[in-house]
Each structure stands twice: as C-alpha cells, then as structure tokens.
Amino acid sequence: MVEHRGFSRFLPHIVLVIGVAIVAFPVYLCFVGSTHPQDIVANGQMPLTPGPLFFETYYKTLFVGSSGSTREPVATMLMNSFIMACIIALGKIAISILSAFAVVYFKFPFRMAAFWLIFITLMLPVEVRIYPTYKIASDLNLLDSYAGLTIPLIASATATLFFRQFFLTIPDELVEASKLDGAGPLRFFWDTVLPLSRTNIAALFVILFIYGWNQYLWPILITTRDDMQTIVIGIKKMIVTADALTEWNVVLATAMLAMLPPVMVVVLMQRWFVKGLVETEK
Amino acid sequence: MAQVELSDIRKVYPGNVEAVREVSLTVPNGSFTVLLGPSGCGKSTLLRMIAGLETITSGTCKIGERVVNDIEPAARDIAMVFQNYALYPHMSVYDNMAYGLRNRGTPKPEIEQRVREAAKLLAIEDFLARKPRALSGGQRQRVAMGRAIVREPQVFLFDEPLSNLDAKLRVTMRLEIKRLHNRLNATSIFVTHDQVEAMTLADQVVVMNAGLIEQIGAPGEVYRHPASRFVASFIGSPAMNLMPGKIVEPGVVETPGGKLAFDTARFDASGEVEVGIRPEDIHVAGSGTSGIPFAAELVEELGATRLLHGNFGATPIIVAVPASGTIYENKEVRLSIGPAAIHLFDKTTGKSLAR
C-alpha cells in the first residue's frame with residue numbers, strides 16, 4: 001500500500017464522494033419528486049427536500065394505478081417483472097450449465113461445432129432476430145404469457161461460455177475419481193459439478209436477474225394486456241404525451257420502485273457475487 | 001486380493017503416437033510392484049489402462065480371473081490414489097471417503113464402520129468433519145489413501161502419489177505406505193519417476209523406457225544386475241559411469257582409462273562393448289604406481305560421501321569416496337576397480353552381455 005500524507009490522504013475520498021454524488025443525486029431527486037404533489041413537480045418548482053405525500057403517492061402507485069395510458073397498479077407490474085426476471089435468470093442458468101457440461105465432459109461427433117453454434121448466437125441478440133422471433137412466438141400463441149416473455153430470451157451463449165471456462169478449470173482427476181467411485185455422468189454433475197459451481201451460479205444469477213429485469217423491447221412487443229406488462233414498460237406508458245397531464249409524482253415513484261428489486265438482489269448477493277467472479281473453490 | 005496380469009498391452013493415441021508397446025507383466029497377488037521410468041515412458045498410461053481410465057488398444061488385462069478390458073472403472077474392484085489427491089473439495093473428509101461406498105449402495109452402518117477404521121489406521125480421525133482445503137498436503141494424501149482403503153479393493157493403484165509433497169514429508173509418507181502395505185498385504189501398483197521411492201517400496205521393480213519394459217526384478221537385482229544400459233544409467237545415484245570399451249583378450253576390456261579385468265563367469269563379450277562402472281564401486285588406491293591414474297578436477301561434498309569428477313580420456317567419470325578420507329582435489333591418484341564392478345553392454349542394442 002502507498003502511504004498517503006496531508007492532502008493526498010483525502011484526495012481518494014474526495015474523488016469517491018464526487019462519484020457517488022453524480023450517481024446518487026438524480027436518484028435522490030427522483031425520490032424527492034415522488035413525495036410532492038404532481039403540480040409542484042410539473043411546474044418545475046420542486047424543492048430539494050422531501051415533501052409530505054410519501055405514503056399517499058406510494059399507496060396510489062402500488063395499489064391504485066395512474067390515470068395515464070395504463071391504469072394497472074404498479075404492484076402487478078412489479079410481480080410480472082419479478083417473475084419474468086427470475087424465469088429468465090434461472091432458465092438461462094439451467095440451460096447453459098447443462099449445455100456447458102455436455103460440451104466439456106462428453107466426446108461426441110461435432111462437439112466443437114455444437115459449441116461454436118452456441119457461440120455464434122452471441123452475434124444474434126433479440127433485437128437482430130426480432131421479427132422471426134415474434135412470428136414464432138405469436139404462431140405458438142405465446143403472446144401475453146410468461147412463456148412468451150421469457151423463453152425467447154433464455155437461450156444464452158454468454159452463460160454457456162462462462163460455465164464452460166469454469167468447468168475447464170475443474171481438474172480431470174476429479175472426473176476420474178468420480179468414475180472410480182462409481183458415479184455416472186449425471187451423478188457427477190449433481191454431486192460434484194453443481195456444488196462446485198455454486199458461487200458461479202450465484203454471480204450469474206445477479207447479472208442475469210438484472211438483465212431480465214431491464215428488458216424493454218421484447219416485453220413491449222409480446223405483451224398487449226395491461227395486466228401482463230412489466231414495470232419498465234409501465235413507466236413508459238404512464239408518461240402521456242397528449243392533452244392529459246402526466247402524473248409525474250406517480251411516474252417517479254414507479255421509477256423508485258422499479259429500482260428496488262435489482263438493488264436488493266445485488267446487495268443481498270454481493271458477497272457471493274464477488275466470490276463467484278474472483279475465486280474458485282478448489 | 002488378486003494378481004494382475006497384462007499380456008501384450010498396447011496403447012496407441014490418435015495421431016499414431018504409441019505410448020505403450022507390447023507390454024506383458026504379472027503382478028503377483030499381494031506384491032508391491034513399482035513402475036519406474038522417466039516422464040513419457042508410458043508408466044502412467046499403463047496404470048490408467050489397468051484402472052480403466054484409458055482404453056486398451058490391444059492386448060488383455062486380467063485382474064484376478066477376470067478380463068477387465070471392457071469393464072467400467074468402478075466395476076473393476078480397484079482403488080486409485082492420484083498425484084494431486086483429487087479429493088472432492090466441497091465434501092468433508094468423511095464424505096470423501098464414504099462417497100464411493102454410498103454410490104455402491106453399501107449400508108450406512110457399514111460405511112460408518114469402514115471409514116472410522118480407515119481413519120484410525122491413517123490417524124486422520126480428528127479431521128473427518130473438515131473440508132480438504134483445511135488440511136495440509138500430507139493429511140490430504142492420507143485422506144486420498146483412506147478413500148482407497150475403505151473400498152477394500154483387490155488392487156491399489158498409486159499414480160505418483162508423493163510427488164506433490166515436500167522432500168521431508170515424502171520420506172515419511174513413503175514409510176507409511178510401506179507400513180500400510182505390510183499390514184494390508186494388498187496387491188499394489190505404484191508409478192513413480194523417483195528411483196529411491198521405487199527401491200524402498202517395491203518387491204518388484206518394473207523399469208520402463210519409451211513404452212517398453214526394460215527390466216523386471218527385485219530392487220537389489222535391478223541395481224546389481226541391470227539388464228540394459230538404460231537401466232544401468234537410470235538406477236543409482238550418481239548414475240553409472242558409461243564408456244566405450246574393447247575386449248582385447250579374454251577377461252580383459254580396454255577402456256579410455258586403461259585395461260580392466262572383468263568377470264568372465266558373468267559376462268560373455270568380445271569386440272567393441274559399452275562398459276559401465278558404478279561410482280561407488282571405484283576405490284582410491286592411494287598414490288602408488290598400480291591402478292588407473294585419475295585426477296579429480298572437481299569435488300562435490302555430499303556429507304556422507306564425496307563425488308570426485310574427472311575424466312578417463314574424453315569420458316567424464318564420477319568416483320564416490322567416503323567423506324572422512326583425504327581431500328583429493330587437483331591431486332593425481334590411482335584408482336582400483338575390481339572385476340566385479342565391471343558391467344558390459346552391447347554397443348548397439350544396449351542390452352547387458354550377461355550370460
């Protein structure tokens with residue numbers, strides 16, 4: 001460690017404080033806005049201190065809904081987003097850990113071809129294949145369903161690659177010891193690979209949960225019913241551009257609520273997250 | 001317990017790399033057999049074929065009365081100890097040892113009993129609840145052996161199990177393995193590149209080179225009567241001195257150092273040969289006029305012995321002398337080499353010319 005003296009002792013802290021302020025101030029403004037009456041927010045005279053309407057606004061947002069182009073209460077949207085993000089994260093993990101296991105531990109013809117096919121999908125995100133994907137989803141009657149929301153987003157090359165790299169670091173002797181101990185491939189997967197991947201799975205869950213939570217384009221295409229929409233879309237729909245007044249306090253409260261679950265996931269799983277990315281249990 | 005019988009075993013890897021060529025070997029019931037050789041000689045491949053971790057290209061491998069070529073590793077009734085221990089990092093020591101038995105459906109009380117017994121034998125009872133990463137190298141090695149012991153296999157296979165340990169621990173564990181073998185009397189096959197390990201542990205040493213067996217014999221036998229130039233130079237430390245020679249009259253070979261008598265009852269040779277003399281079989285006769293003249297250019301002090309480095313003509317020679325004697329550096333001395341010290345090898349094939 002470099003030892004700092006005098007002013008230079010405070011310099012790193014000053015930089016950090018400025019950085020935090022830049023990130024945190026808009027969030028704070030958002031929170032302040034959500035506690036004032038809607039006309040104060042709308043006319044641009046919002047003070048920097050929280051207002052008196054915290055409980056009213058959040059109650060209205062969560063359980064009543066706005067008068068914009070979506071009238072669904074935000075609690076439903078939160079639930080939709082949460083279910084979607086969880087299915088996407090867990091589905092991606094389940095599919096990619098199995099395909100990585102197949103690619104690393106089994107010798108079959110065109111093994112590397114299979115791996116590269118998976119790898120190539122990295123170049124084809126949903127945005128690129130949006131029309132065919134939509135067509136298939138609608139032909140399969142998946143519109144306005146959780147299946148339609150999640151399945152097209154589940155196939156994942158990044159997670160497969162991530163698990164493959166991790167499996168390659170598991171010593172071959174462990175596979176051989178398992179063979180001698182009479183463990184077949186599935187047993188080896190269940191008793192050895194899965195427990196060793198715990199921290200990696202946790203790290204990946206954090207990343208993928210946030211990925212799923214923040215989905216915008218696909219949910220806006222696949223859902224039309226208000227009771228199926230996710231919170232990210234809800235925010236957009238609440239902002240009306242026509243003659244009506246946007247209820248900015250409700251919009252800001254929704255934004256605050258939309259931020260909470262990903263923050264909770266990161267905070268609660270932080271320890272595992274860092275562990276999974278930097279160290280391995282071997 | 002069972003004997004292991006290998007006949008005409010070959011292993012060819014893709015790309016036509018022949019790792020093991022026509023190896024036949026019998027490991028008697030209850031013996032401790034060491035496969036010894038430099039890295040890449042095929043010894044580990046051979047062991048892994050017995051374990052079932054590599055397929056056998058041709059030939060048969062029998063454990064007991066059963067041909068095991070196409071039998072799964074778990075069904076071969078063997079146990080293996082790996083070089084890097086290969087313990088399951090997420091399982092406790094107890095679970096590591098019990099895992100194989102559980103997979104076989106052994107009843108719980110029996111597993112408990114076998115694990116406790118093995119732990120007692122190896123003095124790891126206090127660590128049963130710990131994870132492997134909380135153990136030292138020696139303790140991990142013991143757990144790995146415990147995992148093998150609880151299975152009560154017909155054959156124990158060891159794949160360089162001591163080479164990850166530091167020098168001191170290696171000696172201790174070596175003794176422990178020997179003790180364990182004396183106690184369990186299980187057929188054991190041990191792979192190593194360390195000749196000291198091989199000499200101390202084995203009933204039967206199998207010296208391998210380039211995929212072939214060079215010699216099979218008891219440790220003393222391999223040391224005293226090496227069957228080839230390779231075995232002669234591989235076994236013994238420092239290595240045997242090798243030099244060109246020519247039989248000039250019956251029982252006398254001419255070397256770059258001078259004429260030496262050899263034992264005609266042991267060797268049948270004529271013409272050009274390769275002469276081998278162990279450093280410890282050469283004695284300093286003093287500074288008289290008889291014997292071979294020798295000047296030590298460099299002396300290595302090893303504590304119990306000293307190694308004198310010099311030359312016979314253009315051939316570098318090492319002589320081992322007791323450390324208590326005179327210091328010979330840069331002094332002309334005379335060496336006496338008895339007929340029993342001379343080994344003769346065929347110049348082209350490298351095979352021993354012993355009768």
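Quick note on labels: first sequence line is chain A, next is B, and so on, each numbered from 1. As the structure is a computational prediction, the values presented were derived from the model and not from experiment.
Cation-pi check for B:Arg147 over B:Tyr88 is met; the charged atom lies under 6.0 angstrom from the ring centroid and within 45 degrees of its normal. With A:Phe106 as the aromatic partner, A:Arg111 does not meet the cation-pi criteria of under 6.0 angstrom to the ring centre and within 45 degrees of the ring axis.
Put simply, the side chain of A:Lys92 reaches to within 4.5 Å of the side chain of A:Tyr211, judged on heavy atoms.
For a residue to count as touching a neighbouring chain, one of its non-hydrogen atoms must lie under 4.5 Å from one of that chain's; by this rule B:Arg48 touches chain A with the side chain only. Proximity to chain A is limited to the backbone of B:Leu87, based on heavy atoms less than 4.5 angstrom apart. With a threshold of 4.5 angstrom between heavy atoms, B:Arg76 does not approach chain A through any atom at all. With a 4.5 Å cut-off on non-hydrogen atoms, A:Asp172 does not touch chain B at all.
Under a 4.0 Å N-O distance rule, the pair B:Arg116/B:Glu112 qualifies as a salt bridge.
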